[in-house]
Amino acid sequence: ANTLIGESNLTFDGSTLAVTGDLTASDSIAVTKDINVGAAATITGALSGSTGTFSGAVNVDATTETTSTSTGALIVDGGVGIAKSLRVGTELHVGSNVTIGGTLTYEDVTNIDSVGLVTARSGVNVSGGELTVGSGITMGIAGVSTFSGTADIHLTDGVRLNIGDGSDLSLYHNGSNSYIKDSGTGNLILVASQMQVI
């Protein structure tokens with residue numbers, strides 16, 4: 001191996017250029033093949049290229065937080081393919097759609113805040129706790145809604161079960177009395193094969 005330009009940390013044996021200490025370049029370095037780094041590499045500026053493969057972990061130490069797709073510690077202008085698990089410590093801001101081919105599991109999430117519409121293509125299963133809705137629920141289902149299980153449907157005092165486009169028929173309890181109130185057009189008709197009033 002030959003020592004180049006009088007530097008003891010820079011040698012060349014005809015095929016390999018070996019740098020045993022720091023390498024500082026005041027301008028860009030053009031590399032047409034691979035760069036293999038045996039230990040950790042510290043990059044304080046921009047790293048750009050057409051493709052790159054990291055066989056070890058890539059650690060971004062910057063603590064910059066962002067809710068934008070153009071700022072932050074790690075900026076990706078194209079798509080990101082993740083073959084294995086992804087764990088986010090605080091927030092994940094995505095500027096476009098998120099498509100998940102497998103199962104999305106919220107094991108540690110206690111609150112999901114959505115400012116827009118949430119669409120579920122299949123069932124929504126709440127296995128524990130309550131489903132709390134701050135405003136009205138509109139159910140535009142073409143089929144029959146079935147409530148199964150052992151729990152009741154409980155409407156508290158003053159809350160009415162309104163039936164009809166104009167709320168023509170109401171069933172409610174006002175805290176003192178119970179009402180079946182018909183205020184629409186036509187008659188209130190009770191039809192039964194057998195009837196018992198107690």
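- Under a cut-off of 6.0 angstrom, the local environment of CG in N177 is crowded, with over 12 non-hydrogen atoms contributed by other residues, nucleotides or ligands.
- Residues N162 and S170 approach most closely at OD1-OG, 2.7 Å, considering heavy atoms.
- Note that CD1 of I163 and CG of D168 are 10.0 Å apart. Values are rounded to the nearest 0.5 Å.
- Contact of the L169 side chain with the L161 side chain is not registered, since no non-hydrogen atoms from C-beta on lie closer than 4.5 Å.
- Distance OG1/T156 to NE2/H173: 10.5 Å, rounded to 0.5 Å.
- Summarising the geometry of S183 relative to S167, their closest heavy-atom pair is OG-O, 3.8 Å, with the distance given to 0.1 Å.
- Annotation: side chain of Y172 is not in contact with side chain of L155 (no heavy-atom distance under 4.5 Å).
- The CZ atom of R160 sits 8.5 Å away from atom CG of N174, with the distance rounded to the nearest 0.5 Å.
- Residue V159 is grouped with residue I180 when hydrophobic side chains (ILVMFWY) are merged at heavy-atom distances under 4.5 angstrom, including chains of intermediate members.
- By the criterion of side-chain heavy atoms lying less than 4.5 angstrom apart, applied directly or through intervening Ile, Leu, Val, Met, Phe, Trp or Tyr residues, M195 is not grouped with V191; the two fall into different hydrophobic clusters.
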